[in-house]
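One structure below.
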Amino acid sequence: MRVHISTFGCSANQASSEVMMATIKKLGHELVSEKHADVVVLNTCTVKYSTEQKILHKIKRLGEKGIEVIVCGCMPEVQLEEIIQHNPDAHVLGVNSISRIGEVLNFIANPAISSHNTSRQAIHVFSHEPAGFINVPRLRFNSNIHICQLSQGCNNACSYCIVRFVRGPLKSFHPDSIVEDIKQGIAEGCREIWLTSQDNAQYGMDIGISLPKLLERICEIPGDFKIRIGMMNPFSVLPIIEELLDVYENDKIYKLIHLPVQSASNDVLERMNRLHSIEEANQIIKSFRDRFSDLTLFTDIIVGFPGEKDSDFLKTVEWVREYRPEKVNISRYTPRPHTKALEYRNIDSRIVSQRSNELHNVCEEVKIDIRKKMIGWEGKVFISKEAKVKGLMARTASYKPVVIPESCAVAGSFCKVKILDATPGYFIGKIIT
């Protein structure tokens, strides 16, 4: 069969799509573009209402065209009824069941001989425990980047978050398995390792180990490679801050922290059940910047959370101006099923839209100012991958993106560059000796 995978959402979903693509190819199926596919796999995300609606529309449209659809990722765990309403013939694969994609494809190809109930046109496969995420073959979107998922689930209960209902409580993968998974990625030519989960700083809290201890083991793996540590919540970083700062000293780790503050108002944070104050988040950032002067800061902010007053929003705007994150993922609040915040009274959508636009403009001003100050910088970079524009994408020690001429270097190598100019999305550099 001809199969296409569409991936939505986070890097964990991207990694699971890579695993499923390897399985699909191993079974003898052909991976094709969507317009040529007999089967479309939708690896879904349900964090945002807008993404959910886009996916539901696609589920319905593909069904109307007579194309077989497999819905996997986050949505099947909490929105199965909506999926069936939009396409009763859609097949479903639970978030823990990526290793069972072959069962669904076999059912589609041979429904009459399937061991499952054939009185219906669709098959639903769910698993309680996560399996098949690490130490398995994968077909990578980028041959130089290995995405390693550290755990599944989360032990906290942010009032707006649907993901904890999808992926369940924290289940950390064994450190030996993670190290072997990364070793295999390096052996296959990967030189950039992305560590991902719902909250990397929670890693190991359920099995008696910590993220810093795991990072120490990963850094001991021989070879030239760089490690990008994904999102860490402030309340999960606080108990391990000193050990984390120490291990970040290793040259293999990008000096990047993705720390979602969500709001700079403690009143809003309390309603979000974020379990940290803005002062605590600020102290984490200050501690990292005191240790690493060129630190890159990413954050997430929710605009228009129920009860957010003008004064709360202004605190967030001023926080962005003061703490100057290089990247801000801005989300306009929309209620999600099953969450505590679903009970709250929403703010007028026009106000939310206005605040989102204002914050976006401030973030862009900050980003432009940061980029201008980097022009003329010289230093060592790591060649990560081919750039979307002509050239190669390189990364500074703090993960800042620099595009250099393609003919001058190869992915997976190091070189010294000078930054000549800046665009909204990346720096432009040249190799120097």
Side-chain angles (χ1 to χ4, degrees), residues 1-10 12-14 16-25 27-127 139 141 162-163 165-167 331-332 334-338 342 349:
M1 290 185 297
R2 296 174 299 177
V3 184
H4 174 76
I5 292 187
S6 289
T7 307
F8 301 84
C10 63
N13 266 14
Q14 183 176 334
S16 62
S17 286
E18 292 179 343
V19 171
M20 288 189 289
M21 286 194 299
T23 301
I24 290 166
K25 190 171 182 180
L27 292 172
H29 303 293
E30 183 182 2
L31 290 164
V32 298
S33 63
E34 184 177 316
K35 67 178 181 179
H36 295 122
D38 306 307
V39 181
V40 173
V41 181
L42 301 176
N43 194 355
T44 64
C45 173
T46 188
V47 170
K48 297 181 181 180
Y49 174 79
S50 58
T51 305
E52 167 209 289
Q53 291 302 302
K54 178 181 179 180
I55 295 169
L56 288 173
H57 175 75
K58 194 165 191 176
I59 291 169
K60 182 178 181 179
R61 179 175 55 82
L62 290 168
E64 290 172 345
K65 289 183 176 181
I67 297 172
E68 296 278 7
V69 179
I70 301 174
V71 185
C72 58
C74 289
M75 286 182 65
E77 302 289 338
V78 287
Q79 292 164 297
L80 182 60
E81 290 184 5
E82 287 92 332
I83 293 169
I84 294 171
Q85 287 171 4
H86 283 74
N87 185 347
D89 296 326
H91 309 281
V92 173
L93 195 64
V95 74
N96 288 324
S97 306
I98 61 170
S99 61
R100 300 175 66 184
I101 182 72
E103 292 182 32
V104 184
L105 291 172
N106 185 57
F107 177 87
I108 294 171
N110 306 287
I113 63 173
S114 173
S115 60
H116 294 269
N117 182 3
T118 59
S119 63
R120 59 177 297 147
Q121 297 300 309
I123 177 174
H124 297 174
V125 179
F126 289 91
S127 304
L139 188 60
F141 292 102
I162 191 174
V163 176
F165 297 101
V166 172
R167 297 183 182 260
S331 297
R332 301 180 187 186
T334 52
R336 307 307 297 130
H338 311 290
L342 190 64
S349 61

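Here the structure is a predicted model, which means the values were calculated and not measured. Values below: every heavy atom of this structure, side chains too, minus hydrogens, waters and symmetry copies.
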Output the distance between atom CD1 (Ile98) and atom CE (Met21), rounded to the nearest 0.5 Å.
11.5 Å

Which pairs with one or both residues in residues 42-96 pass ring pair (Phe, Tyr, Trp, His ring centres under 6.0 Å), sequence neighbours excluded?
His91-Phe107

Any chance you could measure Ser6, atom OG, to Asn13, atom CG, to the nearest 0.5 Å?
12.0 Å

Contacts of Lys65 that satisfy side-chain contact (heavy atoms from CB on, under 4.5 Å) - sequence neighbours left out
Arg61, Ile67

Test item: side-chain donor near acceptor, Ser16 and Asn43, under 3.5 Å
yes

Nearest-0.5 Å distance, CD of residue Glu34 to NE2 of residue His36
11.5 Å

Side-chain heavy-atom pair Asn87, Lys60 within 4.5 angstrom cut-off
no

For Asp38, which residues count as a salt bridge (Lys or Arg N to Asp or Glu O under 4.0 Å) partner, sequence neighbours excluded?
Arg2

Decide side chain to side chain contact (heavy atoms under 4.5 Å, CB included) for Ile5 and Ile24; before the verdict, give the C-alpha distance in whole Å, the side-chain angles of both, and the deciding distance to 0.1 Å.
CA-CA 10 Å; Ile5 292 187; Ile24 290 166; 3.8 Å; yes

Measure across Phe141 and Glu18 and return the closest heavy-atom pair with its distance rounded to 0.1 Å.
N-OE2, 3.1 Å

If you define the side chain from C-beta out and look only at heavy atoms, does anything of Glu68 sit under 4.5 Å from Val40?
no

Quick one: does Val39's side chain get under 4.5 Å of Leu105's, heavy atoms only?
yes

Could you pull out the closest heavy-atom pair between Pro335 and Leu342, with the gap in Å?
CB-CD1, 3.6 Å

To the nearest 0.5 Å, what is the distance between CD1 (Ile108) and NE2 (His29)?
8.5 Å

If I compare all heavy atoms of Asp89 with all of Ala122, which pair ends up nearest, and what's the gap?
O-CB, 3.7 Å

Calculate, to the nearest 0.5 Å, the distance between atoms CG and CZ belonging to Leu93 and Phe126 respectively.
8.5 Å

Which atom pairs, donor and acceptor, lie under 3.5 Å between side-chain atoms of residues 69-82 and protein residues at least two apart or in another chain?
residue	atom	partner	partner atom	Å
Glu77	OE2	Val95	N	2.8
Gln79	OE1	Thr46	OG1	2.6
Gln79	NE2	Glu52	OE1	2.5

Identify, with sequence neighbours excluded, every residue that meets side-chain contact (heavy atoms from CB on, under 4.5 Å) alongside Thr23.
Leu27, Ile101

Determine the minimum heavy-atom distance between His124 and Ala90, stating which atoms define it.
NE2-O, 3.9 Å

Working to the nearest 0.5 angstrom, can you tell me the gap between Leu139 CG and Lys25 NZ?
5.5 Å

Residues at least two apart in sequence or cross-chain that pass salt bridge (Lys or Arg N to Asp or Glu O under 4.0 Å) with Lys48, listed by chain then number, are none

